[in-house]
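One structure is given here, and the rest of the page talks about it.
Note: hydrogens, waters and symmetry copies are ignored here, and every other heavy atom, side chains too, is used. All ligand and atom numbering here is 1-based and tracks the order in the structure.
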Amino acid sequence: MTALDLSRLITAAADAIAAHAEELTALDQAIGDGDHGLNMKRGFDAVRAEADVFAAKPMPDALKAIGTKLVMTVGGASGPLFGTLFMALGKEISVEPDRANLTAAFGKAIDAVAARGKSQVGQKTMLDVLRPVHDALAGGRTVAEIADIADAAAEATVQMKALRGRASFLGDRSIGHMDAGARSTALLVRTLAQIIGGKA
Ligand code: ADP
Ligand code: MG
């Protein structure tokens with residue numbers, strides 16, 4: 001991946017988050033405190049503002065720096081979790097990752113998020129999208145299939161009862177609403193898949 005590619009990925013991700021900030025906020029309003037859209041927009045805008053700086057670094061360093069920036073700027077519960085995802089990905093990924101390395105690194109990064117959040121699949125969080133996306137990567141699915149799997153996984157959080165994060169305070173009343181972090185994760189996956197798929 002070239003610096004130009006990474007810069008395009010960052011810009012596209014930040015654009016997608018900005019375009020959906022209100023939707024993410026509305027989801028978080030229903031079962032949280034309504035700041036998820038703003039949190040994510042603030043963080044990804046900050047990453048976009050320095051896209052060229054990140055893109056000039058080798059992939060592992062770029063991902064670690066993006067993760068650190070997200071921790072500093074997103075805030076809320078999701079900031080440290082998305083930050084951990086990118087930082088751990090940076091630790092595990094090679095300078096020129098192939099699919100096998102990306103898959104293994106992504107799996108370990110998800111483990112790091114789960115450890116940080118003391119959470120696991122089925123608790124109505126971003127993990128409910130991250131794990132199926134990892135499994136789809138490992139299973140050799142195409143990028144278009146992976147984007148659809150991410151959307152379906154976010155949709156599947158509607159029926160779940162939240163057991164982590166603010167939404168868990170609502171107990172059964174969290175059922176019937178999509179998890180905001182699952183939705184933002186699916187958005188990011190689709191955006192990255194579209195760009196990577198356009199080239200593959
Ligand atoms: P806050 O809950 O502090 O307001 P945000 O609204 O930005 O933070 O993010 C909420 C999202 O973070 C949730 O929708 C969920 O996906 C994710 N989340 C919260 N707590 C956890 C956790 N312990 N493990 C994994 N994801 C979590
Ligand atoms: Mg919130």
Pairs of nitrogen or oxygen atoms closer than 3.5 Å, one from Gly117 and one from ligand 1: do any exist?
yes
Please identify which atoms of ligand 1 are closer than 4.0 Å to at least one heavy atom of Asp33.
4 (O)
Does His20 offer a backbone N or O that forms a donor-acceptor pair with the side chain of Glu23 under 3.5 Å?
no
Answer yes or no: is there an ion pair linking Asp45 with Arg48, defined by an N-O contact shorter than 4.0 Å?
yes
Which value, rounded to 10°, describes the OD1(Asp33)-the Mg ion (ligand 2)-OD1(Asp35) angle?
80°
Only residue of Asp151, Asp148, Ile149, Ile146 satisfying side chain to side chain contact (heavy atoms under 4.5 Å, CB included) with Val189 is Ile146
Geometry only, no angles: is Lys118 polar-contacting ligand 1 at N/O separations under 3.5 Å?
no
In terms of hydrophobic clustering (I, L, V, M, F, W, Y; side-chain heavy atoms under 4.5 Å; direct or indirect links), are Leu85 and Ile196 co-clustered?
yes
Got an N/O contact under 3.5 Å between Ala77 and ligand 1?
yes
Looking only at protein heavy atoms, which one is nearest to atom 2 (O) of ligand 1, and how far off is it?
Arg166 NE, 3.5 Å
Under 4.0 angstrom from ligand 1, any heavy atom of Ala180?
yes
Looking at side-chain heavy atoms only, is the closest gap between Val71 and Phe86 below 4.5 Å?
no
Under-4.0 Å heavy-atom contact with ligand 1, by part of Asp28 that carries it:
side chain
Look at atom 10 (C) of ligand 1 and find which of His36, Gln29, Arg164 reaches it with the closest heavy atom.
His36
Using a 4.0 Å cutoff against the non-hydrogen atoms of Gly76, which atoms of ligand 1 qualify?
3 (O), 8 (O)
Looking at Ala114 and Arg131, what are the two nearest heavy atoms and their distance?
CB-NH2, 4.4 Å
Report the nearest protein non-hydrogen atom to atom 20 (N) of ligand 1: residue, atom name, distance rounded to 0.1 Å.
Gly165 CA, 3.5 Å
Mind checking whether Met126 and Val47 sit in one hydrophobic cluster, side chains of I, L, V, M, F, W, Y counted as touching below 4.5 Å?
yes
Could you identify the single nearest non-hydrogen protein atom to atom 14 (O) of ligand 1 and state the distance to 0.1 Å?
Asp179 OD1, 2.5 Å
If you have a sec, work out which protein heavy atom is nearest atom 21 (C) of ligand 1 and how many Å separate them, to one decimal?
Leu81 CD1, 3.5 Å
Does a side chain donor of either Asp128 or Thr157 reach within less than 3.5 Å of an acceptor in the other side chain?
no
Identify, for atom 7 (O) of ligand 1, the protein heavy atom at the shortest distance, and state residue, atom and that distance.
Ser78 OG, 2.6 Å
Do any nitrogen or oxygen atoms of Gly75 lie less than 3.5 angstrom from nitrogen or oxygen atoms of ligand 1?
no
Mark up the atoms of ligand 1 that fall under 4.0 Å of a heavy atom belonging to Asp35, in ascending order.
4 (O), 5 (P), 6 (O)
Does any N or O of ligand 1 fall below 3.5 Å from an N or O anywhere on Lys124, backbone included?
no
Tell me if a side-chain donor or acceptor on Thr2 pairs with a main-chain N or O of Asp5 at a distance below 3.5 Å.
yes
Would you find a donor on one side and an acceptor on the other, under 3.5 Å apart, between the side chain of Arg42 and the backbone of Thr73?
yes
For Asp28, what is the atom name of its N, O or S atom nearest to the Mg ion (ligand 2)?
OD2
Would the distance check show the side chain of Arg183 and the main-chain N or O of Leu24 forming a donor-acceptor pair, the cut-off being under 3.5 Å?
no
Is the side chain of Lys57 donor-acceptor paired with the backbone N or O of Ala65 at a distance under 3.5 Å, no angle test?
no
Looking only at protein heavy atoms, what sits closest to atom 25 (C) of ligand 1 is Ser119 OG, 3.3 Å
Could you tell me whether some N/O pair between Met126 and ligand 1 is separated by less than 3.5 angstrom?
yes
